[in-house]
Each structure stands twice: as structure tokens, then as C-alpha cells.
**Student:** 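So that we are looking at the same thing, I have put the structure below in C-alpha cells.
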Amino acid sequence: MIFAARALLPDGWARDVRVMVTDGRIAAVAPGARPEPGDTRVDVLLPALGNLHSHAFQRAMAGLTEVRAKGQDSFWTWRELMYRFLDRLTPGQMQSIAAQVYLEMLEAGYASVGEFHYVHHQPGGAAYDDLAELSARIMAAAAETGIGLTHLPVLYSYGGAGRQPLAGGQLRFGNDVDRFARLVEGARAHATHLPADTRVGIAPHSLRATSPDDLARALPLALGNPIHIHVAEQPKEVADISAWLGARPVEWLLANTPIGRDWCPIHATHMTQDETARLARSGAVAGLCPITEANLGDGPFDGPGWIEAGGAFGLGSDSNVRISLTEELRTLEYSQRLRDLQRNVLVPGEGSVGAFLYRRAAAGGAQALGRQAGSLAAGQLADLVAIDGDHPALAALDGDRLLDGLAFAAPDGVVREVWSAGRHQVRGGRHVARDRITPAYLAAVRALVQAS
Ligand code: NGQ
Ligand code: ZN
């Protein structure tokens with residue numbers, strides 16, 4: 001039982017709310033209740049967000065790619081460094097890094113994560129004895145931390161648009177569709193040892209890393225689970241796909257795939273107005289990763305066009321260069337203000353930006369992860385976060401303004417308690433297994449950086 005002084009319910013704010021959690025789900029929500037002895041008492045209770053896009057291992061290279069090299073640095077020069085970094089990663093390091101990343105996500109207020117997982121093989125490309133070895137490591141990290149996992153094994157068959165061969169670090173990613181099918185099956189077998197809220201979807205990495213025929217053969221492997229794909233992140237990618245397929249990436253997806261509510265196009269940055277409106281109307285969830293998109297120089301997403309067309313969206317931390325839910329929210333809105341020279345851009349009509357972004361990202365994140373979550377209602381998974389409304393950054397605020405304070409003024413430390421499918425993993429602002437997980441991470445990251 002959780003007793004909250006204030007809680008964000010589907011139809012608005014309520015006071016003195018008693019929430020009953022059974023078997024990982026919200027069993028009942030009673031506003032205007034009285035606390036009982038034994039209740040976990042919190043101030044502000046919110047549905048916790050899902051983090052819909054992560055490459056966990058990239059956390060370990062945070063701070064290593066911010067030095068300007070000769071010429072001009074770009075997404076593509078960053079990617080070279082990233083490929084070199086991952087080429088030394090061991091399965092044990094993969095697990096230790098992912099565990100720290102999921103711990104940090106939980107402490108930041110996320111209850112679940114979509115792990116877009118593409119490092120499958122040994123350096124040089126030979127498969128591990130267990131084809132899904134590294135998927136199993138990701139799942140072990142999720143189990144250690146208690147985060148809700150939507151695992152997304154990635155199909156990555158080509159080095160670039162037009163079926164170019166894989167090269168260098170990419171050799172660790174490669175599968176044809178047949179072996180990919182076995183890998184997904186292997187990952188699903190490992191997932192049977194995880195909690196029931198675990199999902200295994202699929203992720204064709206990007207149009208440039210697959211082909212029209214391969215994509216058509218891979219899609220049925222989703223079996224109704226989420227399908228994620230990187231799309232239109234960089235202008236060069238749009239140009240390469242246009243030259244190869246005669247259509248821009250989003251245009252091509254709309255014309256040649258059944259893209260809809262179970263799809264999550266990641267980034268969707270460089271779209272025409274027509275692509276924006278049509279993709280939004282397809283029901284797919286735009287997977288926005290504001291901090292990474294700023295860090296990599298991707299450019300801003302067309303927020304006003306997407307919202308006007310009624311598009312769903314959620315947040316992802318992608319490269320994990322910094323894991324902060326509050327900073328994702330404000331970076332998303334600020335990217336729009338800086339481009340449009342306006343304030344309060346990401347809200348339709350009139351109203352609170354923080355409340356709109358938070359509620360929509362909660363619903364969109366849950367949809368993209370195939371999780372019955374995203375609102376504080378009976379029957380939903382108990383993905384919950386309690387924040388400290390007495391923190392100086394929030395103390396004068398109430399109702400939707402609390403969410404404006406969270407998005408624009410608060411440090412991450414306002415997050416006090418987090419439950420993922422009822423698992424109470426963050427208590428008093430601290431993950432329950434931090435003392436065990438963080439030392440293993442430090443050892444892994446120091447060994448990796450010393451070797452580089
Ligand atoms: C990724 N990152 O999958 O981590 C990619 C780079 C690639 C972003 N798209 C790898 N931000 O494109 O092959
Ligand atoms: Zn990504």
C-alpha cells in the first residue's frame with residue numbers, strides 16, 4: 001500500500017490517495033482516503049516513465065568523445081570512436097555497464113527501458129557459443145536492478161545504404177535474417193527467467209543497415225511485440241536512402257511497411273511536413289532522445305508539426321551520455337524554443353508544457369515498450385515514482401505546476417521512490433543495490449578506458 005499526499009490520476013490531480021499494489025499491478029486507487037499503519041507514505045506520486053531507447057554500453061564512453069579532432073567532428077566521426085570502443089567490450093563488462101545504467105535510470109525516475117541491442121558477437125564477428133549470450137547479459141543486468149525490460153534484439157546486416165558490407169566494429173553486429181530469427185528465439189528463451197513484465201520485440205537497426213527484402217522477412221518475428229527502428233536522424237542518412245531507394249526514409253517506411261501503433265521510429269528528425277503529419281497519424285510513437293540528439297548534433301525534431309497531427313511520443317536516453325529524466329524533458333522543449341524563438345512551444349492550444357510533456361511521454365513510452373503502464377489506474381503495471389514536493393525547487397508549486405517545476409527547475413534528486421511493476425527499487429533516492437552494482441561498473445569502465 002502506498003499513501004500519497006498528492007497523485008496524478010488519469011483525470012487529474014487528487015489528494016490523499018491510497019494505492020494498492022498486488023502482483024506487480026495497481027489493484028485499486030482510492031482518493032480522499034486515510035493512511036493506515038504500514039503504508040509507504042510519499043508526497044507526490046506519478047506514473048513512472050519508460051525510457052524507450054537505450055544502448056547501455058555507450059554509457060561507459062561518456063566524456064571520451066568531446067575532444068575536437070582535425071577537421072570537423074560530426075555524428076559520423078563520433079560513430080568511428082564508438083565502434084572502436086565497443087570492439088573491446090567483454091560480456092562481463094557489458095553486464096556491469098548495463099546494470100549501472102539501469103540503476104541510474106531507476107534513480108532518475110524511469111521504471112522501464114527499451115534496450116536497442118546490437119552488439120551480438122565476439123570482436124571480429126564470430127558468434128558466442130550461445131548466439132544470444134549478450135542478450136542474456138542485458139537481461140541479467142535488468143534482473144539485478146529490477147528495471148522493467150523491453151529487449152529489442154537488432155537486425156544489422158549491412159555497413160551502409162545499398163547493402164554495403166559490414167566493416168570493423170560493425171562485425172560484432174552482423175546477422176542475416178535466418179540467424180537473426182534464431183537469436184530472437186534465443187533471447188526469448190532467456191527472457192522466460194525474467195519477471196512477467198519483460199518483453200522481447202525486434203529492431204531492424206535502420207534502413208541503411210537492412211534491405212527491403214530482409215526487412216519484410218524480419219517483421220513477422222515481432223509476433224505482436226514492439227518494432228523499433230532508427231530513422232531520419234542525420235541529413236546524410238536521408239540522402240543515402242533517397243539515392244538508393246528513390247524515397248526518403250520515412251516516406252519509404254510509410255509506403256512499404258505496415259507502420260502503426262506497435263512501431264517506434266527513433267529520432268525521426270529530418271522529415272518533411274508531409275512525412276511528419278502522415279507518420280504521426282500512423283499511430284507510431286516518435287522515440288525522441290533530446291540529450292543525445294543535442295550531443296551528436298542531430299538537429300531538432302518538428303515538435304509543433306507532430307503535436308498538431310496528434311502524434312504520440314516518448315523519451316529515450318539513447319547514448320546515455322547523461323541519464324536524467326528532468327534534463328530530457330527540458331532539453332526537448334528548449335530545442336524547440338531555440339529554433340522557433342518562442343516560449344512554451346510543446347503544448348497544443350494553451351496549458352502547462354511540463355504536464356503535457358510528462359503525461360504524453362508516460363503514455364507514449366508505455367506504448368512503445370509494449371507495457372501496460374503510463375497512468376495511475378487499476379489494472380496497470382505498478383510503474384510508479386514519488387517525488388519530493390518539499391524540495392526547494394518545487395516547494396511553492398502544486399498541480400500541473402509541479403510538473404513544470406520538475407521539467408524546468410528540478411535537479412534529479414527530487415526523485416525519492418521508484419517502483420517497477422511493483423518492485424520497490426529506489427528508496428530514499430537510492431537504488432537498493434547501488435553498493436554492489438557501482439563498484440563493478442567502476443572496475444569495468446576503468447579497464448576499458450585504460451585499454452583505449
Ligand atoms: C547506434 N547511434 O545504434 O548506436 C547509432 C550509431 C550506427 C545513433 N544512431 C551506430 N545515434 O549507426 O551504426
Ligand atoms: Zn540509438
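For ligands, and for the atoms within them, numbers begin at 1 and follow the listed sequence.
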**Student:** Inspect the contact between Glu144 and Arg436 and indicate whether a charged nitrogen and a carboxylate oxygen are less than 4.0 angstrom apart.
**Tutor:**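 Counted as a salt bridge, because a side-chain N and a carboxylate O are separated by less than 4.0 Å.
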**Student:** Can you sort out which atoms of ligand 1 are near Asp318, meaning under 4.0 Å from one of its heavy atoms?
**Tutor:**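 Every atom of ligand 1 under 4.0 Å from some heavy atom of Asp318: 11 (N).
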**Student:** For ligand 1, indicate whether the residue Trp76 contacts it via side chain, backbone, both or neither (heavy-atom separation under 4.0 Å).
**Tutor:**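 None of Trp76 does.
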**Student:** Would Arg434 and Glu107 pass as an ion pair if we require N to O under 4.0 Å?
**Tutor:** yes
**Student:** For the pair Arg427 and Glu417, find out whether any cationic side-chain nitrogen is under 4.0 Å from an anionic carboxylate oxygen.
**Tutor:** no
**Student:** Whether Asp240 and Arg208 form a salt bridge (side-chain N of Lys/Arg under 4.0 Å from carboxylate O of Asp/Glu) is what I want to check.
**Tutor:** no
**Student:** Which ligand 1 atoms does Arg208 reach within 4.0 Å, using its non-hydrogen atoms?
**Tutor:**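 With Arg208 as reference, the close atoms of ligand 1 come out as 7 (C), 12 (O), 13 (O).
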**Student:** Tell me whether Arg330 is salt-bridged to Asp404, with the criterion being a basic N under 4.0 Å from an acidic carboxylate O.
**Tutor:** no
**Student:** Looking at Arg337 and Glu333, is there a salt bridge between them, counting it only when a charged N and a carboxylate O are closer than 4.0 Å?
**Tutor:** yes
**Student:** Among all protein heavy atoms in this structure, tell me which lies nearest to atom 3 (O) of ligand 1, with the distance rounded to 0.1 Å.
**Tutor:**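 Here the nearest protein heavy atom works out to His205 NE2, 2.7 Å.
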**Student:** Below 3.5 Å, N or O to N or O, backbone or side chain included: is there any such pair between Gln58 and ligand 1?
**Tutor:** yes
**Student:** Give, rounded to 10 degrees, the angle between NE2 (His230) and NE2 (His55) as seen from the Zn ion (ligand 2).
**Tutor:** 110°
**Student:** With a 4.5 Å heavy-atom cut-off, do Phe173 and Tyr83 have their side chains touching?
**Tutor:** yes
**Student:** Taking only heavy atoms of Leu296, which atoms of ligand 1 are found under 4.0 Å from at least one of them?
**Tutor:**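 So the atoms of ligand 1 that pass are 11 (N).
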**Student:** Which option out of Tyr118, Phe75, Phe173 puts a heavy atom nearest to atom 1 (C) of ligand 1?
**Tutor:**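 Looking at heavy atoms only, the winner is Tyr118.
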**Student:** For atom 6 (C) of ligand 1, find the nearest protein heavy atom and state the residue, atom name and distance (0.1 Å precision).
**Tutor:**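 Nearest neighbour among protein heavy atoms for atom 6 (C) of ligand 1, to 0.1 Å: Met82 CE, 3.7 Å.
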**Student:** So if I count the atoms of ligand 1 from 1 in the order they appear, which ones are less than 4.0 Å from some heavy atom of Tyr156?
**Tutor:**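 Once the distances to Tyr156 are compared, the set is 7 (C), 13 (O).
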**Student:** Please say whether the positively charged group of Arg343, taken as NZ for Lys or CZ for Arg, lies over the ring of Phe408, i.e. under 6.0 angstrom from the six-membered ring centre and within 45 degrees of the axis.
**Tutor:**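 Arg343 over Phe408 ring: no.
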**Student:** What residue and heavy atom of the protein are closest to atom 9 (N) of ligand 1, and at what distance?
**Tutor:**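 Here the nearest protein heavy atom works out to Glu233 OE1, 2.6 Å.
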